[in-house]
Amino acid sequence: MRLNGKTALVTGAASGFGLQIATRFAAEGAKVACVDINADGAKAIADQIGGLALTCDVTDGGQVRDCVERAVGDFGQLDIVINNAGWSHPNGPLLDVDYDAFRKVYAINVDSIFHMTHAVVPHWRDIGGGVMLNVGSTAGIRPRPGLTWYNSTKGAVHLMTKSLAVDLAPDKIRVCALAPVVSATALLETFLGGPDTPEARERFVSTIPLGRMCEPTDMASAAVFLASDEANFLTGVILEIDGGRTI
Ligand SMILES: NC(=O)c1ccc[n+]([C@@H]2O[C@H](COP(=O)([O-])OP(=O)(O)OC[C@H]3O[C@@H](n4cnc5c(N)ncnc54)[C@H](O)[C@@H]3O)[C@@H](O)[C@H]2O)c1
């Protein structure tokens, strides 16, 4: 098992990519704290994998700090954090997205990483290292129209990842990002820009050289690798999980 003896915290673990990452991390031997604003969902996945369920709004610095303290208290230490929780405003004309929605998408996708960094880095300095993986997107590399403000949050996630990587390398803290292309999670219709029909999927898939959408298992495989000791010389990497979409 590739994560034997490791401890991990996954945000947005109740659904989609986070659920699959939490499941695979447990199968690879990690103890996993399943964090989500959806308390029932966090409990369901934690019960299923023998993990720790933590209800938390990642936009709230105090709640994020409490989560990290709970995970460290239960596990003894925390080795890996996956900042995966995310949201998007609806796909549509950019002037239709009001300032509240703009602030909300930044709060969930970007402020959350600020809060998590403040919460976990002092612990990682105490224990001599750690791994942070941030979930970005192909939207932050090769943006499509209709999602400008969301796209820009993922650009911020990618640059934050690289900057944290250089800042924290002396502390033996690695920081990488996963940049998936569209996947059939709860966010699918937002990214398709309309109802989930075979035609809409086909239009999207025709822009992906390998000819399919990203599966949550593709994300889990990449996350296991980047979080494991096999990747211990990799930091600041933005790994595209995109079937060639951003080439
Ligand atoms: N699905 C895609 O096509 C796609 C593509 C590229 C990137 N992403 C990114 O992948 C990540 C995961 O998304 P997903 O597709 O699995 O979506 P999802 O909606 O299935 O899962 C997101 C999870 O985050 C949780 N969450 C939302 N706001 C939260 C908050 N304030 N505090 C705590 N938890 C919160 C939700 O409850 C949910 O469980 C996001 O960062 C998203 O931007 C998704």
Side-chain angles (χ1 to χ4, degrees), residues 9-24 33-46 53-64 66-67 81-91 101 103-116 119 133-144 146-147 149-158 160-161 177-193 196 200-201 204-205 207-208 212-220 222-223 238-243 245-246:
L9 182 157
V10 181
T11 72
S15 173
F17 292 150
L19 189 149
Q20 194 60 45
I21 291 169
T23 304
R24 181 75 73 78
C34 303
V35 173
D36 209 287
I37 198 167
N38 170 356
D40 292 343
K43 185 173 177 328
I45 177 64
L54 297 171
T55 309
C56 168
D57 178 349
V58 295
T59 69
D60 182 318
Q63 292 186 33
V64 172
D66 289 348
C67 266
V81 163
I82 317 282
N83 288 311
N84 163 76
W87 178 78
S88 177
H89 55 82
N91 191 315
R103 282 306 327 146
K104 180 176 173 182
V105 74
Y106 267 81
I108 297 175
N109 297 0
V110 180
D111 296 13
S112 56
I113 299 178
F114 174 88
H115 296 316
M116 186 61 78
L133 302 184
N134 299 321
V135 175
S137 172
T138 53
I141 302 170
R142 195 173 173 204
R144 299 179 198 260
L147 286 169
W149 313 117
Y150 170 81
N151 295 340
S152 70
T153 67
K154 294 303 184 177
V157 169
H158 294 171
M160 202 180 269
T161 297
L178 302 160
V181 75
V182 71
S183 184
T185 69
L187 286 175
L188 178 63
E189 293 201 341
T190 301
F191 297 130
L192 290 180
D196 177 13
R201 285 191 185 209
F204 217 104
V205 162
T207 68
I208 301 172
R212 66 169 175 84
M213 298 197 292
C214 175
E215 296 291 338
T217 50
D218 298 319
M219 282 288 280
I238 313 296
L239 186 58
E240 296 104 351
I241 322 293
D242 73 346
R245 158 72 190 160
T246 54

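Note: hydrogens, waters and symmetry copies are ignored here, and every other heavy atom, side chains too, is used. Each ligand, and each atom within it, is numbered from 1 in the order the structure gives.
- For atom 9 (C) of ligand 1, the closest heavy atom belonging to the protein is Val135 CG1, 3.7 Å.
- In this structure, Thr11 falls outside the shell of residues with a heavy atom less than 4.0 angstrom from ligand 1.
- Counting protein heavy atoms only, atom 1 (N) of ligand 1 is closest to Thr185 OG1, 2.9 Å.
- Of the protein's non-hydrogen atoms, the one nearest atom 11 (C) of ligand 1 is Asn84 O, 3.1 Å.
- When each of Tyr106, Trp87, Phe191 is paired with Tyr150, the ring-ring contact (aromatic ring centres under 6.0 Å, His included) condition holds for Phe191 and for no other.
- Polar contact check, Ser183 against ligand 1: a nitrogen or oxygen pair lies under 3.5 Å apart.
- For Tyr150, every heavy-atom contact with ligand 1 shorter than 4.0 Å involves the side chain, none the backbone.
- Atoms of ligand 1 lying under 4.0 Å from at least one heavy atom of Gly136, given by number and element, are 7 (C).
- Nearest protein heavy-atom neighbour of atom 39 (O) of ligand 1: Asp36 OD2, 2.7 Å.
- Taking atom 44 (C) of ligand 1 as the reference point, the nearest protein heavy-atom neighbour is Phe17 CE1, 3.4 Å.
- Counting only heavy atoms of the protein, atom 13 (O) of ligand 1 lies nearest to Leu187 CD1, 3.7 Å.
- Contact annotation for Phe191 and ligand 1: only side-chain heavy atoms (C-beta onward) come within less than 4.0 Å of the ligand.
- Proximity of Cys56 to ligand 1, defined as any heavy-atom pair under 4.0 Å, is confined to the backbone N, CA, C and O atoms.
- Contact between Lys154 and ligand 1 is present, with at least one heavy atom of the residue lying under 4.0 Å from the ligand.
- For the pair Val181 and ligand 1, a heavy-atom separation below 4.0 Å is found.
- Those atoms of ligand 1 that come under 4.0 Å of a heavy atom in Ala186, given as number and element, are 19 (O), 20 (O).
- Under a 4.0 Å heavy-atom criterion, Gly41 is not in contact with ligand 1.
- A donor-acceptor contact closer than 3.5 angstrom links the side chains of Asn134 and Thr161.
- In terms of N/O distances under 3.5 Å, ligand 1 is approached by Asp57.
- Looking only at heavy atoms of the protein, atom 22 (C) of ligand 1 is closest to Gly86 O, 4.0 Å.
- Sequence neighbours left out, the pairs with a member in residues 34-46 that pass side chain to side chain donor-acceptor pair (under 3.5 Å) are Lys43-Asp47.
- Ranking the protein heavy atoms by distance from atom 24 (O) of ligand 1 puts Gly12 CA, 3.5 Å first.
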